[in-house]
Amino acid sequence: MSLRETAPMTPEETRMMNPLQLAYMGDTVWELLVRSQAVARKLTVRHMHQAAVSGVNARAQAEALSRIVNELTEDEADVVRRGRNAHPHHAGPKHQDPADYKAATGLEALIGYLYLSGQEERMMTLFHLARQEENACPAQR
């Protein structure tokens with residue numbers, strides 16, 4: 001069973017999308033993956049929430065991107081660059097560093113691109129590399 005309602009798009013079709021559309025999808029997929037990790041670690045509900053909050057914010061996502069940037073293909077790096085340079089019609093969160101917010105948008109665009117184009121194995125490889133440090137922390141129970 002898949003969470004997909006439709007077949008994946010081709011990478012070419014996905015690259016033609018607005019990077020903020022990719023980031024919109026990538027934000028959701030990233031949060032689902034972070035929450036799934038918390039559940040797999042058998043954390044209490046409180047600690048699952050804390051894990052999600054600490055893994056799904058601009059700073060954490062910017063740090064995650066920095067862990068994988070050297071692993072990206074040319075096409076993936078282009079998606080990140082487009083996402084980072086996209087200008088939403090709203091200001092970023094006041095409590096977030098603007099550079100972190102832009103980097104996080106780049107990561108989210110990448111995750112959205114990989115998910116929508118059906119490159120889920122690659123997405124998971126990058127996700128695990130990006131989250132390596134967080135996963136090294138002992139599980140709180």
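Residues: numbered from 1 along the sequence shown. These values consider heavy atoms only, across backbone and side chains, with no hydrogens, waters or symmetry-generated copies.
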>> Minimum heavy-atom separation for T14 and S117, please, with both atom names.
In response: OG1-CB, 3.5 Å
>> Could you report the tightest heavy-atom contact between G83 and A109, atom names first, then the distance?
In response: CA-CB, 3.9 Å
>> Test side-chain contact (heavy atoms from CB on, under 4.5 Å) on T125 and E71; report intermediate values, then the result.
In response: CA-CA 10 Å; T125 297; E71 305 296 323; over 6 Å; no
Side-chain donor/acceptor of [X] to backbone N/O of [Y], under 3.5 Å:
| X | Y | value |
| --- | --- | --- |
| W30 | M25 | no |
| E63 | A60 | no |
| E31 | T28 | no |

>> N85: which residues meet the side chain to side chain donor-acceptor pair (under 3.5 Å) condition with it, sequence neighbours left out?
In response: none
Measure the [atom1]-[atom2] distance between [X] and [Y] for me, rounded to the nearest 0.5 Å.
| X | Y | atom1 | atom2 | answer |
| --- | --- | --- | --- | --- |
| Q61 | R131 | CD | CZ | 9.5 Å |
| Q37 | R35 | CD | CZ | 13.0 Å |
| L33 | H128 | CG | NE2 | 7.5 Å |
| L65 | K102 | CG | NZ | 14.0 Å |
| R122 | T73 | CZ | OG1 | 6.0 Å |
| I68 | L107 | CD1 | CG | 5.5 Å |

Under 4.5 Å between any side-chain heavy atoms of [X] and [Y], yes or no?
| X | Y | value |
| --- | --- | --- |
| M123 | L110 | no |
| V80 | E76 | no |
| P8 | Y115 | no |
| Y113 | Q119 | yes |
| V29 | E108 | no |
| I111 | L22 | no |

>> Can you list everything that forms a salt bridge (charged side-chain N to carboxylate O under 4.0 Å, His left out) with D27? Sequence neighbours excluded, please.
In response: none
>> Checking R84 against T105 for the side-chain contact (heavy atoms from CB on, under 4.5 Å) test, could you report, in this order, the C-alpha distance in whole Å, the side-chain angles of both residues, the deciding distance, and whether it holds?
In response: CA-CA 6 Å; R84 183 179 282 159; T105 304; over 6 Å; no
> How about E121: does its CD atom have over 12 heavy atoms from other parts shown lying under 6.0 Å from it?
Replying inline: no
>> Tell me whether D75 is salt-bridged to R15, with the criterion being a basic N under 4.0 Å from an acidic carboxylate O.
In response: yes
>> Same cluster or not: Y24 versus L20, using hydrophobic residues (I, L, V, M, F, W, Y) connected whenever any side-chain heavy atoms lie under 4.5 Å apart?
In response: no
> Do you reckon V53 sits in the same ILVMFWY cluster as V56, going by side-chain contacts under 4.5 Å, direct or chained?
Replying inline: no
> Hey, are Q132 and R67 close enough side-chain-wise for a donor-acceptor pair under 3.5 Å?
Replying inline: no
